[in-house]
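Because the structure is a prediction, the values reported are computed rather than measured. Letters A, B, ... are given to chains in the order of the sequence lines, protein chains preceding strands, and every chain is numbered from 1.
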Protein chains: 2
Amino acid sequence: MALPLFAGVSPRTLRELFVGAFLQRFPGGTTLLLEGDPVDFLYVLLEGMVELQGAWKHRETTLAVLQPVSTFNLAAVVLDSHALATARTIERSEILMLPGEALRRTMKADAEFGFAVTEELAATLNGVVRSTKNQKLRGGAERLANYLLAQCQRQGGVDKICLPYEKRLLSSLLGMTPETLSRAFVTLSRFGVEVKGPEVTVSRSPAFERFARPTSLIDNHLAFPPRLTGKVEREQGPQPLPAAPRLERNG
Amino acid sequence: MALPLFAGVSPRTLRELFVGAFLQRFPGGTTLLLEGDPVDFLYVLLEGMVELQGAWKHRETTLAVLQPVSTFNLAAVVLDSHALATARTIERSEILMLPGEALRRTMKADAEFGFAVTEELAATLNGVVRSTKNQKLRGGAERLANYLLAQCQRQGGVDKICLPYEKRLLSSLLGMTPETLSRAFVTLSRFGVEVKGPEVTVSRSPAFERFARPTSLIDNHLAFPPRLTGKVEREQGPQPLPAAPRLERNG
DNA sequence: CGCCTGGTTGAGGTGCGTCAACATGGGTGG
DNA sequence: CCACCCATGTTGACGCACCTCAACCAGGCG
C-alpha cells in the first residue's frame with residue numbers, strides 16, 4: 001500500500017489493525033457520514049473522490065476534496081469524538097474503514113506506528129492552516145489562479161489541465177458562488193488563461209505569476225527548501241511590519 | 001502543570017524532555033518566530049498572550065490568539081518542518097521551549113506520551129477546522145456575535161465581559177478591518193449588545209440567539225453530547241440538500 | 001423531441017474595504 | 001500641571017468584490 005501511514009508497520013501490528021475493518025465500494029453521491037455523527041472508523045480513500053463539507057443556517061461550503069490516497073476523520077478518531085464535516089463521495093469510490101478503537105489501541109501499543117499517525121495528523125493540520133490563510137488573505141481570482149497552478153503541478157508540470165471535478169464544486173471549495181467562479185475565469189483570461197469546458201490552459205506569464213504569487217507558506221505543492229543547519233532565505237520583498245525587534249533565544 | 005500533555009508522563013520521560021529546554025520571559029510585542037522559519041522548539045505558553053499571524057502580498061491576518069495554557073508549533077515540530085505562521089507576544093509572556101528533537105525522540109520511545117501529543121494535535125486540528133467553517137459560513141456580524149457568546153462562557157457564564165485584547169486585534173482575528181468591526185458592534189446593538197470601551201454587555205435575547213445560532217459543530221465552547229452507544233440528535237432544522245440517500249454501513 | 005442539469009451572462013443589491021476626518025486617552029517631556 | 005503626540009477607535013463617503021436573482025445556452029438522456 002502506498003500510504004506512508006502503514007509503511008513501517010510490522011505485519012503483526014497491521015493484522016491487529018485490520019480486525020473488524022471493512023473494504024467497501026460506494027457509488028457516487030453517497031453520504032458516508034454527517035456532521036455531528038459519532039465517528040467509529042478511520043476512513044482511507046483508496047480510489048474515487050470524496051468531498052468534505054460543512055453547513056450552517058442553510059449555507060454550505062466545501063472544506064476539502066480528497067483524492068487517493070487520503071485519510072479522513074483521523075482527528076475525530078483519535079479524540080473518540082464527532083465528525084466536524086459531512087463526507088460525501090462525488091464518484092464511485094473504494095474506501096477502507098478501520099475501527100477507531102483498534103487504531104487507538106494500536107497507537108498506544110506501538111510507538112513507531114503512533115508517530116506515523118501523528119505525522120499524518122500534523123500534515124493534515126498543515127493543510128488546513130494553509131487553506132485558512134488562502135481564504136483570508138487572497139481574493140477570489142487569486143485563489144483560483146493558485147488553484148490552477150497547483151493543478152498544473154499535480155498533473156505533471158503541464159500547462160493544459162483538465163479540472164478533476166465540476167466547476168460548481170470547485171467554486172464551493174474556493175469559497176465563492178458558481179457565478180463568481182465563472183467571472184473569475186474571465187478575469188484570468190486577461191493573463192492568458194483559456195477555458196473550454198473542463199479543459200483549462202494556463203500560460204505562465206510573468207504577469208500571471210505576479211498576480212497569483214504562489215508561496216510555500218500557503219500553497220502545499222511548493223516544497224520548502226531542504227532543512228539544513230543554516231538559515232532559510234526569506235521570501236517576498238520588504239517585511240511589512242518589522243516594528244518589534246527579533247529576540248535572540250538564550251536562557 | 002495543568003497541561004494535559006504532560007499529565008500521565010513518567011518523571012523519567014519528563015526529565016528527558018526537559019534536557020535543553022528553556023523557560024523564558026518575553027516582553028510584549030516580541031516576535032518569537034517568523035513565517036517560514038525552521039522550527040527547533042515546541043512552544044508552551046504558560047502566561048501572557050501570543051498572536052499567530054500570516055501574511056501575503058502586503059496583507060496580513062490573525063490566525064489565532066493564544067492564552068495559557070497552549071502549545072504552538074507542534075505540527076511543525078512533529079514534521080521537523082517550517083513555521084506556517086509568525087508568532088508574536090501581545091503582552092509580557094512566559095514561555096516554555098522544549099527541544100523538538102527531544103520531543104520526537106520521546107514520542108517514539110514512549111507510546112503513552114506519543115498518544116497524548118497526538119491528542120493535542122487532533123484538538124488543534126479540530127479548532128482550525130472550526131475556524132475555517134466559521135470564516136466561510138458566517139458573515140462578519142455573525143462571527144462577532146458568536147465570539148461574544150464564547151467569551152461570555154469562558155469568563156464564567158456572565159453577560160458582561162471585558163475584551164481580553166484590543167479591538168484592532170479582534171477585528172483581524174474575525175477576518176475584518178477595524179472599521180468593519182466597529183460597525184458590526186453597531187449592528188449588534190439592535191439585539192441589545194452594548195459597548196463601552198473594552199466592556200461589552202450581551203443580552204441573550206431569543207432574537208440574538210437566533211441571529212448568532214451557535215453550534216457545537218463550529219463553536220468550540222459548546223460541548224458535544226456525551227458519547228454513548230445510541231444515536232446523537234441531529235440539530236438545526238430541515239436538511240438543506242438530502243439529495244443523496246444515506247447508506248448503511250455493512251460488509 | 002423535451003426535459004434536466006450545469007454553466008454562463010446580465011442587472012442590481014449588499015457587505016465589506018478604503019480613505020479621510022475626527023474623537024479619545026495614555027504617555028512623555030517641558 | 002499642561003502641552004503635545006501618538007495609537008486606538010469611531011464615523012462618514014465612496015468604491016469594489018461578491019452575492020442574488022433571472023434569463024439564457026449547451027450537452028446528456030429518456
Side-chain angles (χ1 to χ4, degrees), chain A residues 28-29 51 55-62 65 90-91 134-145 147 162-190 193-200 211 240-241 243-244, chain B residues 27-29 51 55-62 65 88 90-91 134-145 147 162-190 193-200 211 240-241 243-244:
Chain A
E51 173 193 13
W56 182 76
K57 253 193 189 185
H58 296 183
R59 274 167 259 179
E60 63 176 64
T61 191
T62 301
V65 177
I90 55 186
E91 59 178 42
N134 191 41
Q135 184 67 28
K136 287 181 79 171
L137 290 168
R138 306 215 256 228
E142 291 165 334
R143 291 196 293 274
L144 173 58
Y147 174 87
C162 183
L163 298 177
Y165 36 82
E166 291 172 354
K167 294 204 184 87
R168 162 182 296 277
L169 180 58
L170 176 58
S171 71
S172 177
L173 178 65
L174 294 178
M176 50 181 130
T177 61
E179 297 93 321
T180 302
L181 174 63
S182 196
R183 290 174 178 121
F185 271 121
V186 175
T187 301
L188 294 189
S189 70
R190 173 168 147 27
V193 172
E194 287 170 32
V195 187
K196 202 176 310 173
E199 320 245 295
V200 182
F211 177 78
L241 288 188
Chain B
E51 173 194 12
W56 182 75
K57 255 194 187 182
H58 295 183
R59 275 166 260 179
E60 63 176 63
T61 192
T62 301
V65 177
R88 216 179 122 263
I90 56 187
E91 61 179 38
N134 191 41
Q135 183 67 31
K136 289 181 79 171
L137 290 168
R138 306 217 257 227
E142 290 165 333
R143 290 195 294 273
L144 173 58
Y147 174 87
C162 184
L163 298 176
Y165 35 82
E166 292 170 352
K167 295 205 185 88
R168 163 181 297 278
L169 181 58
L170 176 58
S171 71
S172 177
L173 178 65
L174 294 179
M176 52 181 125
T177 61
E179 296 94 321
T180 302
L181 174 62
S182 196
R183 289 175 180 122
F185 271 120
V186 175
T187 301
L188 294 190
S189 70
R190 174 167 147 28
V193 172
E194 286 170 32
V195 188
K196 202 177 308 170
E199 320 246 294
V200 182
F211 177 78
L241 288 186

When you compare the protein's N or O atoms with those of nucleotides 25-27 of chain C, which come within less than 3.5 Å of each other, and at what distance?
none

Residues passing the side-chain hydrogen bond (donor to acceptor under 3.5 Å, both in side chains) test with B/E51, sequence neighbours excluded, are B/Q53, B/T62, B/R88
Strand contacts (DNA chain C) in residues 173-180 of chain B, 4.0 angstrom heavy-atom criterion: B/G175, B/M176, B/T177, B/E179, B/T180
What pairs with B/F211 under ring-ring contact (aromatic ring centres under 6.0 Å, His included), at least two apart in sequence or on another chain? B/F191
Could you check how far NZ of A/K196 sits from P of C/dG7, rounded to whole Å? 18 Å
Between atom CZ in B/R143 and atom C1' in C/dC16, what is the gap in whole Å? 10 Å
Rounded to whole Å, CZ of B/R168 lies from P of D/dT8 at a distance of 5 Å
Sub-3.5 Å pairs of nitrogen or oxygen atoms, protein against nucleotides 28-30 of chain D:
none

Rounded distance [0.5 Å steps], CZ in A/R183 versus CG in A/L188: 14.5 Å
Once you apply a heavy-atom cut-off of 4.0 Å, does B/G197 come out as touching a base, just sugar-phosphate, or nothing? nothing
What pairs with A/E194 under side chain to side chain contact (heavy atoms under 4.5 Å, CB included), at least two apart in sequence or on another chain? A/T201
Polar pairs (N or O, both sides) under 3.5 Å between protein and nucleotides 23-26 of chain D?
none

Residues that B/T177 engages under side chain to side chain contact (heavy atoms under 4.5 Å, CB included), provided they are two or more places apart: B/E179, B/T180
What distance separates A/Q135 CD from A/L173 CG, expressed to the nearest 0.5 Å? 9.0 Å
Among residues two or more places apart or on two chains, list those pairs meeting salt bridge (charged side-chain N to carboxylate O under 4.0 Å, His left out) that have a residue in residues 136-145 of chain B. A/K57-B/E142, A/R59-B/E142, B/R138-B/D219
Do you know which two heavy atoms are closest between A/Y165 and A/V65, and how far apart they sit? CE2-CG1, 3.5 Å
Side chain to side chain contact (heavy atoms under 4.5 Å, CB included) against A/K167, all qualifying residues, sequence neighbours excluded: A/L163, A/L181, A/F185, A/V195
Look at the side chain of B/R183 and the base of D/dG9, then say whether one donor and one acceptor between them are separated by less than 3.5 Å. no
For A/L144 and A/A184, work out which heavy atoms get closest and say how close. CD2-CB, 3.7 Å
Which heavy atom of B/A141 sits nearest a heavy atom of B/T187, and at what distance? CB-CG2, 4.3 Å
Test side chain to side chain contact (heavy atoms under 4.5 Å, CB included) applied to B/P164 - qualifying residues, sequence neighbours left out: B/Q67, B/Y147, B/Q151
B/S171 side-chain N/O to B/R168 backbone N/O, donor-acceptor pair under 3.5 Å: yes
Can you pull out how bent the helix from C/dC1-D/dG30 to C/dG30-D/dC1 is, comparing the axes over its first five and last five pairs, to 10°? 20°
